[in-house]
Amino acid sequence: MPHPLRIAIAGALGRMGRQMAETAAADPRLQLVARFHRPGSAGEGLVERDEALSLADVVIDFTTPAASAELAKACAGRGGPALVIGSTGFDVAELEAIAEAAKTVAIVRSGSYSLGLNMLTGLVEQAARALVPDDCDIEILEAHHRFKVDAPSGTALMLGEAAARGRGARLDTVAKRARHGLVGPRGAGEIGLAVLRGGSIVGEHSVSFLAEGEVLTLSHAAGDRSMFARGAIAAALWVAGRSPGKYDMQDVLGFGGL
């Protein structure tokens with residue numbers, strides 16, 4: 001029987017960090033060897049980051065963009081461990097830092113670790129390819145709990161990128177992130193992104209294709225955070241021992257051909 005994969009969890013005191021620890025501890029394929037939070041954090045069995053990295057085969061990280069970029073640099077500086085990143089809201093410099101680290105270690109980064117949402121991503125790309133901009137508009141709506149700090153969500157952007165890719169476009173050139181005041185008629189080819197925040201919503205996403213006389217909506221609702229934890233564990237098991245590089249959940253799940 002193979003040895004359990006040694007897992008360390010970053011951001012251990014956060015919502016997803018706690019969920020990850022609970023899910024990983026219950027999985028016989030894994031050994032939860034370390035939990036760490038920001039420097040100087042104490043209690044609840046936490047260790048410092050460097051000790052955690054020395055013990056683990058893979059680190060699972062749901063923290064903040066800046067912390068994730070620094071963690072990627074630290075993993076690369078040691079030549080490992082591999083890294084699974086679930087943080088969202090990165091700026092260009094942070095993404096560049098992660099890409100640089102991925103030249104040395106294997107890194108999976110995804111806007112969502114849900115199997116259902118990754119299936120949705122593939123379906124959105126297919127629909128966008130078939131429904132041309134002159135005949136069909138695309139609008140994305142996402143809703144999350146009141147404590148989420150970035151908007152639109154990483155998952156909404158992932159869906160927007162899939163829709164843009166299906167139309168042979170770049171999201172940053174066609175995205176319409178807000179409408180206010182006298183904005184004029186909707187431009188052909190725009191991909192709208194709208195945001196709701198409130199209550200305890202774990203995550204809801206819908207992509208609507210709006211044509212004359214009909215609307216097609218593809219949607220997904222998250223019931224609890226355990227599904228993201230299960231997906232991150234699948235990514236950790238997949239990335240362990242991989243060659244250095246940047247990967248995402250489409251790679252993990254083999255959906256690249258969708």
Chemist: Nearest 0.5 Å please: distance from the CD1 atom of I107 over to the CD atom of E100.
Modeler: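 It comes to 10.0 Å.
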Chemist: Nearest 0.5 angstrom please: K246 NZ to D248 CG, how far?
Modeler: 10.0 Å
Chemist: So do the side chains of R109 and I98 get within less than 4.5 Å of each other, counting heavy atoms only?
Modeler: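 Contact flag for R109/I98 side chains = yes.
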Chemist: First locate atom OG of S206, then atom CG of L218, and finally report the distance between them rounded to the nearest 0.5 Å.
Modeler: 9.0 Å
Chemist: Side chain to side chain contact (heavy atoms under 4.5 Å, CB included) with A82: which residues, sequence neighbours excluded?
Modeler: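 In terms of side chain to side chain contact (heavy atoms under 4.5 Å, CB included), with neighbours along the sequence ignored, A82 is linked to V58, A106, V239.
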Chemist: Tell me, which pairs form a ring pair (Phe, Tyr, Trp, His ring centres under 6.0 Å) where one or both residues lie in residues 74-116, sequence neighbours left out?
Modeler: F62-Y113
Chemist: Say whether, by atom type as modelled, one donor and one acceptor occur between the side chain of D150 and the main chain of S153 under 3.5 angstrom.
Modeler: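 Looks like no, no N/O pair under 3.5 Å.
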Chemist: Applying salt bridge (Lys or Arg N to Asp or Glu O under 4.0 Å), can you list everything that pairs with E190, at least two apart in sequence or on another chain?
Modeler: R179
Chemist: If every non-hydrogen atom of V174 is compared with every non-hydrogen atom of A169, which pair is closest and at what distance?
Modeler: CG1-CB, 4.1 Å
Chemist: Within the structure provided, determine whether L120 and N118 are in side-chain contact (heavy-atom separation under 4.5 Å).
Modeler: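 No, too far: nothing below the 4.5 Å cut-off.
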Chemist: Would you indicate whether the side-chain heavy atoms of V108 and I85 approach each other to under 4.5 Å?
Modeler: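 Side chain of I85 against side chain of V108, heavy atoms only: no contact under 4.5 Å found.
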Chemist: Treating S112 as the side-chain partner and S114 as the backbone partner, does any N or O pair qualify as donor plus acceptor under 3.5 Å?
Modeler: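 Yes, because the side chain of S112 sits within donor-acceptor range (under 3.5 Å) of the backbone of S114.
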Chemist: Counting neighbours of NZ on K148 that are heavy atoms of other residues, nucleotides or ligands and sit closer than 6.0 Å, is the number greater than 12?
Modeler: yes
Chemist: Determine, using the 4.5 Å side-chain heavy-atom cutoff (strictly less than), whether L123 and V207 are members of one ILVMFWY cluster.
Modeler: yes
Chemist: Shortest non-hydrogen contact from P244 to T104?
Modeler: CG-O, 3.3 Å
Chemist: Who are the salt bridge (Lys or Arg N to Asp or Glu O under 4.0 Å) partners of R186, not counting sequence neighbours?
Modeler: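 Once residues adjacent in sequence are excluded, the partners of R186 under the salt bridge (Lys or Arg N to Asp or Glu O under 4.0 Å) criterion are D137, E139.
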Chemist: Could you list the residues that satisfy side-chain hydrogen bond (donor to acceptor under 3.5 Å, both in side chains) with R167, not counting sequence neighbours?
Modeler: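 Per chain and number, R167 pairs via side-chain hydrogen bond (donor to acceptor under 3.5 Å, both in side chains) with no residue.
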Chemist: Search all heavy atoms of G231 against all heavy atoms of M249 and return the closest pair with its distance.
Modeler: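 Closest approach of G231 to M249, heavy atoms only: O-CE, 3.9 Å.
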Chemist: Treat each ILVMFWY residue as a node, draw an edge where side-chain heavy atoms are under 4.5 Å apart, and state whether L237 and V252 are in one component.
Modeler: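 L237 and V252: one cluster.
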Chemist: Scan for ring pair (Phe, Tyr, Trp, His ring centres under 6.0 Å) pairs involving residues 131-163, sequence neighbours excluded, and state none if there are none.
Modeler: H144-H205
Chemist: Report the C-alpha distance between I233 and R29 in whole Å, list the side-chain angles of each, state the deciding distance to 0.1 Å, and finish with yes or no for side-chain contact (heavy atoms from CB on, under 4.5 Å).
Modeler: CA-CA 10 Å; I233 286 171; R29 300 170 296 176; 4.0 Å; yes
Chemist: Can you name the salt bridge (Lys or Arg N to Asp or Glu O under 4.0 Å) partners of D50, sequence neighbours left out?
Modeler: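 With neighbours one apart ignored, the set is empty.
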Chemist: Could you tell me whether the side chain of T23 and the main chain of M20 form a donor-acceptor pair under 3.5 Å?
Modeler: no
Chemist: Return a table of donor-acceptor pairs under 3.5 angstrom between the side chains of residues 66-77 and protein atoms on other chains or two or more places apart.
Modeler:
| unit_1 | atom_1 | unit_2 | atom_2 | d |
| --- | --- | --- | --- | --- |
| S68 | OG | D61 | OD2 | 2.4 |
| S68 | OG | T63 | OG1 | 3.3 |
| S68 | OG | T64 | O | 3.0 |
| S68 | OG | S87 | OG | 2.6 |
| E70 | OE2 | K73 | NZ | 3.4 |

Chemist: When you check the gap from the basic side-chain N to the acidic O, do R197 and E142 get nearer than 4.0 Å?
Modeler: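 Salt bridge present between R197 and E142.
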Chemist: For G223 and V202, which heavy atoms make the closest approach, and how far apart are they?
Modeler: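 Answer, listing the atom of G223 first, then V202: O-CG2, 4.0 Å.
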Chemist: Can you see which heavy atom on G160 is nearest to which on I191, and at what distance?
Modeler: O-CD1, 4.0 Å
Chemist: Would V105 and L83 count as a side-chain contact (heavy atoms from CB on, under 4.5 Å) if you check the C-alpha gap in whole Å, the side-chain angles of each, and the deciding distance to 0.1 Å?
Modeler: CA-CA 8 Å; V105 295; L83 184 58; 5.5 Å; no
Chemist: Do L55 and R6 pass the side-chain contact (heavy atoms from CB on, under 4.5 Å) test, and can you show the C-alpha distance, the side-chain angles, and the key distance before you say yes or no?
Modeler: CA-CA 7 Å; L55 296 171; R6 297 174 300 170; 5.8 Å; no
Chemist: Side chains of R78 and S54: does their closest heavy-atom pair fall under 4.5 Å?
Modeler: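 They are in side-chain contact.
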Chemist: Cluster question for you: counting only ILVMFWY and a side-chain heavy-atom cut-off of under 4.5 Å, with indirect links fine, are M227 and I7 together?
Modeler: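 They do share one cluster, since a chain of ILVMFWY contacts under 4.5 Å joins M227 to I7.
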Chemist: CD of E22 to CG of D27: how many Å apart, nearest 0.5 Å?
Modeler: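 It is 12.5 Å, given to the nearest 0.5 Å.
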Chemist: Could you tell me which residues satisfy side chain to side chain contact (heavy atoms under 4.5 Å, CB included) with E96, sequence neighbours excluded, listed by chain and number?
Modeler: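 Expected list: V92.
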Chemist: Pairs in or reaching into residues 221-244: which pass ring pair (Phe, Tyr, Trp, His ring centres under 6.0 Å), with residues at least two apart or in two chains?
Modeler: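 Non-adjacent pairs meeting ring pair (Phe, Tyr, Trp, His ring centres under 6.0 Å): W238-Y247.
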Chemist: Any chance you could lay out the side-chain contact (heavy atoms from CB on, under 4.5 Å) test for L157 and R177, step after step, and finish with the verdict?
Modeler: CA-CA 10 Å; L157 294 173; R177 295 185 179 231; 3.6 Å; yes
Chemist: A236 and I60: which non-hydrogen atoms are nearest, and at how many Å?
Modeler: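 In terms of heavy atoms, the two residues are closest at CB-CD1, 4.1 Å.
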Chemist: Would you compute the distance between atom CG of L171 and atom CE of M158 and round it to the nearest 0.5 angstrom?
Modeler: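 L171 atom CG to M158 atom CE measures 12.5 Å (nearest 0.5 Å).
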Chemist: Of all residues at least two apart in sequence or in a different chain, which pass the salt bridge (Lys or Arg N to Asp or Glu O under 4.0 Å) check with R15?
Modeler: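 Result, salt bridge (Lys or Arg N to Asp or Glu O under 4.0 Å) vs R15: none returned.
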Chemist: Do V59 and V84 have side chains that approach each other closer than 4.5 Å (heavy atoms only, starting at C-beta)?
Modeler: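 Not touching, per the 4.5 Å side-chain cut-off.
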Chemist: Between atom CG of L117 and atom NE2 of H220, what is the distance when rounded to the nearest 0.5 Å?
Modeler: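 With rounding to 0.5 Å, CG (L117) is 4.0 Å from NE2 (H220).
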Chemist: How would you list, by chain and number, every residue that makes a ring pair (Phe, Tyr, Trp, His ring centres under 6.0 Å) with F209, sequence neighbours excluded?
Modeler: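 Checked F209 against ring pair (Phe, Tyr, Trp, His ring centres under 6.0 Å); zero matches.
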Chemist: Does L30 share a hydrophobic cluster with I9, counting links as ILVMFWY side-chain heavy atoms below 4.5 Å and allowing steps through other members?
Modeler: yes
Chemist: Verify whether one side chain among E125 and T121 offers a donor that lies under 3.5 Å from an acceptor in the other.
Modeler: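 There is no such pair between these side chains.
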Chemist: Indicate yes or no: at least one non-hydrogen side-chain atom of S208 is less than 4.5 angstrom from one of L216.
Modeler: no
